[in-house]
Amino acid sequence: MTTRHAITAGFVPLLDSALLVVAREMGFAEEQAIDLTLLRERSWASIRDRLAVRHIDVAHILGPMPIAGNLGLNVPAPEMIVPMALGLGGNAVTVSPALWQAMAEHGATVDLDARTNGAALRKVIDARKGTPLRFGVVHAYSGHNYELRYWLAANGIDPDREIEVVVLPPPDMGDALAEDVIDGYCAGEPWNTFGVLRRGGHLATVKAAIWRSSPEKVLGVNARWGGTNPEAMAALLVALHQASLWCARPENYEALATLLAKPAYVGRDVELLLPALNGNLPVGGGAVQTISDFFVPNAKAATFPWKSHALWFYTQMVRWRQIEHTAERQRIAAETYRPDIYRAALKDLGIAMPSASAKVEGALTVATPVGSSGALTLGPDGFFDGGRFDPDDVEAYIASQSTG
């Protein structure tokens, strides 16, 4: 008799919750004998709190949050593990019409180039008088916060002294922009498309331009639940892998957008969800830019929980003075991500998986077949400023970064 598994998963209404939604709605969870219950939460703090009190077992969660929790930075939080990622990319930086006009006057263009538009923002700040610009991010321990800060700092802008960074729930970003509460924000979809099409915003750049093939949301698992329910966790990873394949097929984009548009999930119009799936992004003023790797749910080992991703997030916590570096804290960060669980769960599917658990981030300038068979292609994964992160030399990387 097949053992059934009851799993409760939390999610925030974002496009990159797609794998969990599709696993439930398209029957992939049922195929693995999983009764999957999805709970919609408004903020990442709610996700954290529900994991802590065991109202949910697993969650669609920001990549750095489980690390921060395990380091004691994000309380209340249970010990967490990350056995799977939920895709690559998917974020953008949206600015107000007034800020975009000022940036355009200093050379910003609609091609979303991180260097050109960052240099324009630097000039705007130089010419500006009065209070600092205010940018919203979704959480202090988020890829959004770290990629926004990386972009600013690499363009000579100090995110702590020349910008005020504030935390807002993703659904509030567009309204805050329209009401002049903030001058810009870094968020996931559909909230950038919403900000452009419904609130008059303009894209300044995208995650895929700042750091290509970069990590975003992951499957955060309460470590206690995972330790006592290894079969259920493995079955869920299989269901999510099948969902990632379905989400990656272009012929399914419209059906996926229609599914996510339901009030129980993202609850926004299909026209706000499709652009991130097909890569044709409205950038403002009627312009559209095609970014083929804006959101990647399956290719490029998109669901593999790289330890190098975990360690890069950790270096940013150190860089922005959220924590001091120690060898023990580095170990905790690296061990939060669990590629060993991923490999064990999916090994019988015969899919191509990385043989290494970490890689030099930023080393691949073009798409590169890897492994003896070449069945898996990684990259390009470059940082826009040419930077590289070697996970075997964390201390040197930390020393090389300036906080401004």
Atom pair [atom1]/[atom2] of [X] and [Y] - distance to nearest 0.5 Å:
| X | Y | atom1 | atom2 | value |
| --- | --- | --- | --- | --- |
| His309 | Ile67 | NE2 | CD1 | 11.0 Å |
| Tyr337 | Met80 | OH | CE | 10.5 Å |
| Thr303 | Leu346 | OG1 | CG | 7.0 Å |
| Lys359 | Asp392 | NZ | CG | 13.5 Å |
| Asp269 | Thr193 | CG | OG1 | 12.0 Å |
| Ile7 | Thr37 | CD1 | OG1 | 9.5 Å |

Are Trp211 and Trp312 an aromatic pair, judged by ring center distance below 6.0 Å?
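Between Trp312 and Trp211, the centre distance is under 6.0 Å.
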Would you please test Glu162 and Arg122 for salt bridge (charged side-chain N to carboxylate O under 4.0 Å, His left out) and show each step?
CA-CA 10 Å; Glu162 297 180 286; Arg122 169 72 270 175; 2.6 Å; yes
Closer than 4.0 angstrom, basic N to acidic O: yes or no for Glu79 and Arg224?
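No salt bridge links Glu79 with Arg224.
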I'd like to know if Glu41 pairs up with Arg48 as an ion pair, taking the criterion as any Lys NZ or Arg NE/NH1/NH2 lying under 4.0 Å from an Asp or Glu carboxylate oxygen.
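So Glu41 does not pair with Arg48 through a salt bridge.
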So do [Y] and [X] actually touch side chain to side chain, heavy atoms under 4.5 Å?
| X | Y | answer |
| --- | --- | --- |
| Phe135 | Pro159 | no |
| Lys300 | Asp381 | no |
| Arg134 | Val165 | no |
| Val206 | Val93 | no |
| Glu164 | Leu133 | no |
| Trp191 | Pro170 | yes |
| Met65 | Asn74 | yes |

Identify the two heavy atoms, one from [X] and one from [Y], that lie closest to each other, and give their separation to 0.1 Å.
| X | Y | answer |
| --- | --- | --- |
| Ala52 | Pro78 | CA-CD, 3.5 Å |
| Ala209 | Leu112 | CB-O, 3.8 Å |
| Phe304 | Pro339 | CZ-CB, 3.4 Å |
| Ile81 | Arg338 | CB-CG, 4.0 Å |
| Asp35 | Arg4 | OD1-NH2, 2.7 Å |
| Ser142 | Leu62 | CB-CD1, 3.8 Å |

Below 30° counts as parallel, above 60° as perpendicular, anything between as tilted: where do the rings of His139 and Tyr141 land?
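Aromatic pair His139/Tyr141 classed tilted.
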Sidechain-backbone polar pair: [X] side chain, [Y] backbone, donor-acceptor under 3.5 Å:
| X | Y | value |
| --- | --- | --- |
| Glu189 | Asn192 | yes |
| Thr368 | Leu364 | no |
| Asn229 | Ala232 | no |
| His202 | Val283 | yes |
| Asn280 | Thr290 | no |

Would [X] and [Y] count as having a side-chain donor-acceptor pair, cut-off 3.5 Å?
| X | Y | answer |
| --- | --- | --- |
| Glu395 | His325 | yes |
| Ser244 | Asn298 | yes |
| Asn117 | Thr205 | no |
| Arg199 | Thr94 | no |

One pair to check against side-chain contact (heavy atoms from CB on, under 4.5 Å): Ile163 and Asp158. What are the steps and the verdict?
CA-CA 7 Å; Ile163 299 288; Asp158 187 329; over 6 Å; no
Hey, which of Val138, Ile182, Leu177 is the one that makes side-chain contact (heavy atoms from CB on, under 4.5 Å) with Leu168?
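In the set Val138, Ile182, Leu177, the residue that makes a side-chain contact (heavy atoms from CB on, under 4.5 Å) with Leu168 is Ile182.
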Apply side chain to side chain donor-acceptor pair (under 3.5 Å) to Ser357 and Arg343, showing your working.
CA-CA 10 Å; Ser357 295; Arg343 290 192 184 97; 3.2 Å; yes
Run the side-chain contact (heavy atoms from CB on, under 4.5 Å) test on Asp57 and Val221 for me, step by step, so that the C-alpha distance in whole Å, both residues' side-chain angles and the decisive distance to 0.1 Å come before the verdict.
CA-CA 6 Å; Asp57 307 308; Val221 176; over 6 Å; no
N/O donor to acceptor pairs below 3.5 angstrom from side-chain atoms of residues 15-29, sequence neighbours left out:
{"residue": "Asp16", "atom": "OD1", "partner": "His60", "partner atom": "NE2", "Å": "2.8"}
{"residue": "Asp16", "atom": "OD2", "partner": "Lys217", "partner atom": "NZ", "Å": "2.8"}
{"residue": "Ser17", "atom": "OG", "partner": "Leu14", "partner atom": "O", "Å": "2.7"}
{"residue": "Arg24", "atom": "NE", "partner": "Leu36", "partner atom": "O", "Å": "3.0"}
{"residue": "Glu25", "atom": "OE2", "partner": "Tyr265", "partner atom": "OH", "Å": "2.4"}

CA sep, side-chain torsions, deciding dist, call: Val82, Leu219, side-chain contact (heavy atoms from CB on, under 4.5 Å):
CA-CA 6 Å; Val82 173; Leu219 182 72; 5.8 Å; no
I'd like to know whether Asp113 forms a salt bridge (charged side-chain N to carboxylate O under 4.0 Å, His left out) with Arg115, so could you lay out the CA-CA distance, the side-chain angles of the two residues, the decisive distance to 0.1 Å, and finally the verdict.
CA-CA 6 Å; Asp113 181 76; Arg115 177 64 76 189; over 6 Å; no
May I have the step-by-step check of salt bridge (charged side-chain N to carboxylate O under 4.0 Å, His left out) for Arg388 and Glu361, ending in yes or no?
CA-CA 6 Å; Arg388 289 190 179 193; Glu361 300 296 337; over 6 Å; no
Quick one: do Phe294 and Leu277 satisfy side-chain contact (heavy atoms from CB on, under 4.5 Å)? Show the steps, please.
CA-CA 8 Å; Phe294 178 79; Leu277 295 173; over 6 Å; no
Which pairs would a plain distance check flag for residues 146-153, meaning a side-chain donor or acceptor within less than 3.5 Å of a matching protein atom at least two apart in sequence or in another chain?
{"residue": "Tyr146", "atom": "OH", "partner": "Gln322", "partner atom": "OE1", "Å": "2.5"}
{"residue": "Glu147", "atom": "OE1", "partner": "Lys207", "partner atom": "NZ", "Å": "2.4"}
{"residue": "Glu147", "atom": "OE2", "partner": "Asn91", "partner atom": "ND2", "Å": "2.8"}
{"residue": "Arg149", "atom": "NE", "partner": "Asn145", "partner atom": "OD1", "Å": "2.9"}
{"residue": "Arg149", "atom": "NH1", "partner": "Asp160", "partner atom": "OD1", "Å": "2.9"}
{"residue": "Arg149", "atom": "NH2", "partner": "Asp160", "partner atom": "OD1", "Å": "3.3"}
{"residue": "Tyr150", "atom": "OH", "partner": "Asp385", "partner atom": "OD1", "Å": "2.8"}
{"residue": "Tyr150", "atom": "OH", "partner": "Asp385", "partner atom": "OD2", "Å": "3.1"}
{"residue": "Trp151", "atom": "NE1", "partner": "Ala114", "partner atom": "O", "Å": "2.8"}

Should Ser96 and Asp183 be marked as a side chain to side chain donor-acceptor pair (under 3.5 Å) after you check the CA-CA gap, both sets of side-chain angles, and the distance that decides it?
CA-CA 5 Å; Ser96 69; Asp183 300 289; 4.8 Å; no
Using residues 249-262 as the side-chain source, report each donor-acceptor pair under 3.5 Å to any protein atom, sequence neighbours left out, with the distance given to one decimal.
{"residue": "Asn252", "atom": "ND2", "partner": "Trp246", "partner atom": "O", "Å": "2.9"}
{"residue": "Thr258", "atom": "OG1", "partner": "Glu254", "partner atom": "O", "Å": "2.9"}

Within 45 degrees of the ring normal and closer than 6.0 Å to the centroid, is that where the cationic atom of Arg329 sits relative to Tyr314?
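Negative - Arg329 is either too far from the ring of Tyr314 or too far off its axis.
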